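First the structure, in the form of structure tokens, and then the observations on it.
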Amino acid sequence: MTALNLCIGSIAAVCTTIAFVPQVIKSWRTRDLSGISLPMYTIFTTGVLLWLIYGILRQDWPVIIANAITAILAGVVLWLKLKSVLSR
């Protein structure tokens, strides 16, 4: 992997991971997940976990780190959504 590839991958990883932080904060604070789609977040979180596995298999650190963090963030939102759906 060239330095340019690593740099671009790292910047992309930071951008796509940070993008989920506002949603997690808002969901955590308000506990209002009415606008969150359970099927979408389930599929998305599954996809992120698969990207994480892919990154591990390829030993691609930007992919591993970004998807590990994103899996945690998306997992929090998914957990809050499941909790709200099951408490109805």
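We use all heavy atoms of the structure for the numbers below, so side chains are in, but hydrogens, waters and symmetry mates are not. Being a predicted model, the structure only gives us computed values, none of them experimental.
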Provide the closest heavy-atom pair for [X] versus [Y] in the form atom of the first, atom of the second, distance.
| X | Y | result |
| --- | --- | --- |
| Ser84 | Leu33 | OG-CB, 4.4 Å |
| Thr17 | Ala66 | OG1-O, 3.3 Å |
| Trp28 | Val76 | CE3-CG1, 3.9 Å |
| Leu6 | Pro62 | CD1-CG, 3.4 Å |

Could you tell me the separation between the [atom1] atom of [X] and the [atom2] atom of [Y], rounded to the nearest 0.5 Å?
| X | Y | atom1 | atom2 | answer |
| --- | --- | --- | --- | --- |
| Asp60 | Tyr54 | CG | OH | 7.5 Å |
| Leu80 | Lys26 | CG | NZ | 13.5 Å |
| Ser27 | Asp32 | OG | CG | 8.0 Å |
| Thr46 | Phe44 | OG1 | CZ | 10.5 Å |
| Thr45 | Ile72 | OG1 | CD1 | 12.0 Å |
| Ile65 | Leu52 | CD1 | CG | 10.5 Å |

Checklist entry - According to a 4.5 Å side-chain heavy-atom criterion applied to Ile, Leu, Val, Met, Phe, Trp and Tyr, with indirect links allowed, do Val77 and Met40 form part of one hydrophobic cluster? => result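 Same cluster: Val77 reaches Met40 through Ile, Leu, Val, Met, Phe, Trp or Tyr contacts under 4.5 Å.
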Next on the checklist: Are Val85 and Ile43 connected into the same hydrophobic cluster when the rule is that any two of I, L, V, M, F, W, Y join if their side-chain heavy atoms are below 4.5 Å apart?
Outcome noted: no
Next on the checklist: Quick one, Leu50 and Asn67 - any side-chain contact, counting heavy atoms below 4.5 Å?
Outcome noted: no
Checklist entry - Is a donor on one side and an acceptor on the other found under 3.5 Å between the side chain of Lys81 and the backbone of Ile36? => result yes
